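Below is one structure, written out as structure tokens, with a few remarks after it.
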Amino acid sequence: MAENILEIKHLVAGYETRLGSLLAVDDLSFSLAKGEFIGIAGESGCGKSTLAYAIMSLLEDNGMIFSGEINFKGKNLVGLKKADLKKMRWDQMSMVFQSAMNALNPVLKISDQLVDVMQAHQKGISVKKARQKAAEMLELVDIPVDRLDAYPHQLSGGMKQRVMIAMAMILNPDLIIMDEPTTALDVVVQRNIIKKIEELRIKFDFSVIFITHDLSLLVEISDRLAIMYAGKIIEFGQAQRIYEQPEHPYTKGLMNSFPPLLGDLEEFGGIPGKPPDLLKPPAGCRFYPRCEKRMDICHQKMPDLINTGQERQTACYLYQGGHK
Amino acid sequence: MIKDMLKLFIENKKAMLGLIILSMFIIVAVFAPLIAPFEPKQREDAAGEFPLRSEPTSKHLLGTTHAGYDILSRLIYGTRLTLLVGMVTGIITTFVALALGLISGYFKGRVDDVISFVNSIFLVIPSLPLIIVVASYITIKGVLPIILVLSLTGWAWGARVIRSQVLSVSEREFVKVAEVLGENPFIIVFREILPNIISLVMATFFTSTLAAIIGEATLEFIGLGNVSAVTWGTMLYWAQNNAALLYNAWWWFLPPGLFIGLLGTSFALMNFAIDEISNPKIRKR
Amino acid sequence: MSDPILELKDVAMHFPVSGFGRSKQVVHAMDQVSFSLQRGEILALVGESGSGKTTTAKVIAKLHQPTSGEIIFNGENIYQRKTNKRDLGYRKNVQMIFQDPFGALNPTHTIRSILERPFLIHKLASREQVEAKIKEVLVQVGLEPPEQFIDKFPHELSGGQLQRVNIARAISVDPILLLADEPTSMLDVSIRMIIMNMIKKFRDEEGISYLYITHNLAGARYIADRIAVMYAGMMMEIGPAEEVIQKAYHPYTKLLRSAAPQPEKGFQESELTAKGDIPSLVNPPTGCRFHTRCPQADAECKELIPELREIKPGHQVRCLKV
Amino acid sequence: MRYFLRRTMWLIFAIFVALTINFILPRLMPGDPAMIIINQLDGLQPQAIDSIRAAFGLETDKSIFVQYWDYLVNISQGDLGVSISHYPAKVWDVLAKALPWTIGLMGIATVLSFIFGTMLGIAIAWKRKSKVSDAILGLFLFIRSFPYFWFGLILVYFFAFKNPWFPLGGAHSISVTTADGWAYIKSIIYHGLLPGAVITISSLGYWMLTIRNNMINVLAEDYITVAKAKGLSINRIKNTYAARNAILPSISGFAMAFGFVIGGSLVTEMVFSYPGVGFMLFQAVQQQDYPLLQAIFLFITVGVLISNFIADILIMLLDPRIRDGAK
């Protein structure tokens with residue numbers, strides 16, 4: 001693969017609450033190559049959105065990055081000056097949010113909201129030129145140009161999300177983070193958007209971090225896949241290989257939670273129990289209370305994410321024979 | 001959840017401050033005879049007659065009125081009626097608003113159409129001029145007409161916000177579940193919906209009491225109340241009518257207004273706190 | 001087959017559009033909906049949002065009175081029963097589970113005071129017996145030990161636990177029919193199968209029938225005996241689950257299938273056969289409601305509303321081109 | 001367009017209802033208002049009594065419906081009856097002298113307080129965590145709890161009586177007239193400053209608090225996060241993305257609050273003996289001039305309804321969703 005565009009090292013991020021620090025992302029590392037599509041899967045509260053906002057430096061109020069590095073194109077974003085961050089953000093990396101419904105300003109035409117981006121980053125660009133670019137971008141996402149001056153409420157949910165994708169791409173960034181961009185949409189619309197993203201990615205060669213809880217979708221579209229549980233990545237590797245041979249008991253449980261559309265129907269089980277409270281995480285493996293294969297050691301120390309095969313990492317003592 | 005809210009309320013500094021101010025006024029009102037140096041309509045004591053329009057002295061800490069009444073004593077006794085009128089009006093207004101809001105919001109249909117219609121009329125008709133017109137027609141001057149007039153014109157805003165909240169709560173799934181279970185509609189209203197709008201009901205009470213206190217003072221200031229009653233409003237009426245300003249008698253009109261404002265502030269503070277607590281967006285930040 | 005427990009005949013539900021000057025406009029949320037449900041059967045109702053699935057459930061739950069058509073439960077038209085408005089007799093037999101486990105539980109009550117209502121409303125237990133009954137039903141839905149849950153408030157439990165409480169409340173009156181409106185779509189992935197298996201278990205053990213609403217085809221296939229596909233307020237196809245998935249006749253069913261994620265195949269350019277959005281239900285398309293998006297539509301489809309025809313025994317399709 | 005039509009019809013209808021309430025009120029009250037009037041004006045001839053009854057619309061021999069019809073016809077011809085305190089002047093003529101003062105003073109003060117309050121509210125919501133914002137918020141929460149008239153008394157005491165920087169009352173000094181031109185205008189402005197300040201400052205807190213809460217709600221929206229992520233300038237985010245959305249509910253709440261503000265402003269006029277509608281209302285109350293009283297009530301109500309209507313139109317211009325009838 002080509003050089004890494006994003007390298008995250010030992011990132012710890014979360015929130016200061018009245019009850020103490022909540023580490024929603026806890027000592028997390030991974031890297032992303034140019035043009036690569038990484039899927040991050042996890043259930044609600046596992047820290048996947050916090051990760052997205054941390055990479056974008058959009059954590060606000062009581063949210064913050066406690067430690068670690070986010071190296072984007074060789075520059076560490078943690079502790080970067082605000083002005084530099086502002087210049088770089090959206091220009092080189094942008095984001096598509098979960099709810100397009102709320103991500104667009106209801107009182108501004110979509111053309112104005114697209115032109116805003118151009119004017120903020122390309123000093124002195126004429127409105128005419130910016131509008132032209134906006135129109136081109138809308139065409140790219142299959143929105144008729146005559147909708148350029150529409151207001152958000154005049155568009156359907158799927159169209160709004162496509163406007164958001166156009167907005168994310170308008171400055172031709174190297175990385176787009178997508179935080180559950182299709183969760184609120186119907187299956188058919190969802191499929192259309194996924195196809196569009198894939199098509200544009202191949203055409204413009206940007207990298208994607210795609211965050212969702214819909215594992216069956218992720219397996220289908222990602223190059224590599226990270227499974228998150230309670231603030232940690234517990235398995236990482238090629239999407240198809242993880243689907244075919246999940247290693248971590250949690251991943252296995254997840255894979256056992258999607259009945260297939262075709263083929264044999266067997267019993268599917270899911271995972272009983274609930275994720276731990278991140279204000280008081282368990283000392284050992286965070287999956288310990290729900291794990292069917294737990295051992296003594298699991299209770300004492302969180303296993304590291306280590307290589308268990310070719311481009312394959314798992315954080316589980318079952319695959320770290322020496323420790324037992 | 002109601003317990004949690006109460007806890008948040010008590011932990012809220014603004015609410016606490018408001019509660020302390022209010023309690024102080026309540027104590028003053030209840031123990032007025034013990035606190036006040038004289039009776040409110042007393043003009044003489046063993047030492048002789050009180051001077052008229054006296055400046056503050058060691059005997060009359062806030063001076064006397066044109067008729068020789070002790071201002072401090074009137075101020076203390078005035079707390080009683082002022083607080084009573086304000087709170088009673090607040091309670092009646094809230095009760096009317098709540099009843100209409102619940103009926104209108106949950107049972108919908110024709111009843112709702114009628115109530116909402118009357119409501120929107122009352123909302124746009126400016127209340128103080130209406131109160132003044134109504135009050136000037138009423139020939140019996142006293143506390144009761146003031147309470148009635150203020151309640152009659154004050155319920156609209158509360159009814160409107162309660163109705164819209166009830167509408168949204170009754171679309172919540174737990175209300176649908178109760179309906180599917182065959183729950184009695186009145187139990188649905190009181191058991192399922194009411195506990196979920198408690199904070200709004202409290203806010204309505206605080207706002208309408210605040211409005212009632214100011215409204216009462218205004219009416220009495222204009223002379224539409226019972227001018228012989230002892231309240232902060234009538235004190236201001238007498239002060240104004242006897243040109244307290246021109247006599248430089250700040251001790252006559254300053255304290256009653258300050259008390260009105262302080263009492264009002266206590267309700268405003270509690271209302272603000274409720275807002276903070278019940279709106280997670282405001283609370284979070 | 002025995003007599004169906006529930007039968008819908010040509011049910012239509014039109015909601016008036018509120019607002020001044022719009023009094024004549026209606027939303028065609030349901031039109032010509034007919035199907036039946038056998039005792040102990042699970043029928044999955046599949047469709048996109050706005051297709052009328054939830055309205056169908058609410059009409060059966062007597063939350064909306066339909067504009068026209070008949071709903072026959074146990075041989076009786078439920079909107080012509082001579083009972084009081086609350087119709088406790090019917091409500092004891094038909095219960096509903098909602099989508100949002102948090103929203104379906106009143107946040108101001110404890111689990112105990114939530115779960116005692118069904119027993120008290122339907123006089124299934126005296127005040128003294130209620131606690132034992134609540135514990136019993138909590139155990140049934142796997143919330144063990146019940147003492148640990150009974151005095152909790154909803155916000156103290158996880159989504160999965162809350163949905164169990166919701167199921168507990170629904171089954172506490174021993175219903176014959178359960179309307180489940182996307183009961184797993186708001187739950188974490190790892191919990192969904194557990195809830196679905198529990199629903200199946202109550203069918204197997206108690207013989208409860210289900211109308212199971214979902215937008216997930218794979219889930220419908222897993223849980224249901226038969227699948228009914230709705231689009232823009234109308235039933236498009238209904239038949240045995242496996243058949244509707246593997247050998248769909250209706251172009252819309254085919255579209256849904258091609259849109260569903262299939263991880264086992266890896267990403268492929270599965271051709272989507274249609275574009276565009278769900279039409280407005282205030283002015284629904286003339287003729288077949290799907291013709292605006294259908295790849296096979298022609299002039300005829302614009303004019304004629306196709307009938308729901310039986311193609312094979314037990315498999316009906318509403319399409320002129322089949 | 002449908003929205004515009006709906007609001008226009010509501011305006012017409014509400015005015016009609018206000019007229020009706022105005023008609024019904026005296027008839028609901030115990031006693032015969034006409035008799036009160038007649039008793040006040042001692043020694044009237046019977047014909048004069050009849051003419052008062054006729055002018056007042058309280059002709060006992062006519063049915064209530066005929067009375068109502070006559071009342072509507074009279075009103076449509078601008079005939080509001082005869083004032084008692086200014087007998088035999090027509091109510092309309094009396095009122096016409098007071099109206100411009102009130103509209104000028106109250107109009108300017110209200111607009112100013114709305115603008116300042118809104119700007120202040122936006123600012124303190126934006127800098128929500130600063131001590132200064134908290135202090136401003138607390139100060140206005142406090143000010144808002146005082147009756148306007150008392151606040152007026154205090155200002156008069158300190159800035160007109162103790163330190164004679166401003167006049168004690170009136171709308172202009174007696175020595176100038178319209179003929180003096182600029183000097184007249186200067187005098188009017190000078191006299192209007194203190195009462196204007198009372199109304200502006202007292203009502204400011206209301207607007208400020210409303211917009212602050214709206215603003216905080218809006219600032220939590222995703223589109224604000226997106227705007228920040230997009231790298232827009234602070235001003236663009238604050239004004240076009242946040243404030244423009246926060247202002248909408250404020251404007252729709254304007255009308256109702258306006259009714260409240262008007263009440264306070266009327267009493268302020270009384271304190272300053274400002275020759276506007278409020279002061280006239282005060283005199284009408286004291287002299288039990290019911291025809292004048294009711295005419296004032298009617299005018300204020302219609303004024304509030306019209307400003308209500310203007311707010312509705314403004315909302316339509318500012319919110320595309322309302323324009324399309326989507327909300």
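Keep in mind the model is a prediction, meaning the values are calculated, not measured. Every chain is numbered from 1, with letters handed out A, B, ... down the list of sequences.
Interface remark: L281(D) contributes side-chain atoms only to the contact with chain B (heavy atom separation under 4.5 Å). Residue contact with chain D, scored on non-hydrogen atoms closer than 4.5 Å, is absent for S266(B). Interface remark: F272(B) contributes side-chain atoms only to the contact with chain D (heavy atom separation under 4.5 Å). At a 4.5 Å heavy-atom cutoff, the contact between I260(B) and chain D is made by backbone and side-chain atoms alike. Contact of L258(B) with chain D is made through backbone and side chain together, with heavy-atom distances under 4.5 Å. For chain B, the nearby part of F161(D) is the side chain; its heavy atoms alone come within less than 4.5 Å. Only the side chain of I21(D) has a heavy atom closer than 4.5 Å to any heavy atom of chain B. Only the side chain of L137(D) has a heavy atom closer than 4.5 Å to any heavy atom of chain B. Residue F13(D) touches chain B through its side chain alone, counting heavy-atom pairs closer than 4.5 Å. Of the atoms belonging to L293(D), heavy atoms from both backbone and side chain fall under 4.5 Å from chain B. There is no contact between N271(B) and chain D, counting heavy-atom distances below 4.5 Å.
Interface summary for chain D: among S120(B), S127(B), A268(B), A211(B), the most heavy-atom pairs under 4.5 angstrom belong to S120(B). Between chain D and the options I125(B), L128(B), T265(B), heavy-atom pairs under 4.5 Å are most frequent for T265(B). Across Y148(D), W10(D), F151(D), the residue that shares the most heavy-atom pairs under 4.5 angstrom with chain B is W10(D). Ranked by heavy-atom pairs under 4.5 Å with chain B, the list G138(D), A284(D), P147(D) is led by P147(D).
Closest heavy-atom contact between P129(B) and G263(D): CD-CA, 4.5 Å.
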- Report the C-alpha distance between V133(B) and Y290(D) in whole Å, list the side-chain angles of each, state the deciding distance to 0.1 Å, and finish with yes or no for side-chain contact (heavy atoms from CB on, under 4.5 Å). CA-CA 8 Å; V133(B) 172; Y290(D) 291 108; over 6 Å; no
- Message: Using the rule given for side-chain contact (heavy atoms from CB on, under 4.5 Å), can you reason through I132(B) versus V285(D), listing the C-alpha separation, both sets of side-chain angles and the distance that settles it, and then say yes or no?
- Response: CA-CA 8 Å; I132(B) 291 175; V285(D) 166; 3.5 Å; yes
- CA sep, side-chain torsions, deciding dist, call: L254(B), I154(D), side-chain contact (heavy atoms from CB on, under 4.5 Å): CA-CA 7 Å; L254(B) 210 67; I154(D) 298 301; 2.8 Å; yes
- Message: Evaluate L141(D) against L269(B) for side-chain contact (heavy atoms from CB on, under 4.5 Å), listing each step before the verdict.
- Response: CA-CA 7 Å; L141(D) 222 53; L269(B) 281 171; 3.9 Å; yes
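For the side chain to side chain contact (heavy atoms under 4.5 Å, CB included) test with L130(B), the passing option among L25(D), I300(D), T301(D) is L25(D); the others fail.
Within residues 212-231 of chain B, the residues having any heavy atom under 4.5 Å from a heavy atom of chain D are, by residue number, I214(B), A217(B), T218(B), F221(B), I222(B), L224(B).
Residue pairs meeting the salt bridge (charged side-chain N to carboxylate O under 4.0 Å, His left out) criterion with at least one member in residues 239-261 of chain B: none, sequence neighbours excluded.
The distance from the CZ atom of R144(D) to the CG atom of L210(B) is 6.0 Å, given to the nearest 0.5 Å. N213(D) contributes atom CG, which lies 9.0 Å from atom CD of E276(B) (distance to the nearest 0.5 angstrom).
The main-chain N or O of Y157(D) is never found under 3.5 Å from a side-chain atom of W250(B) such that the two would form a donor-acceptor pair.
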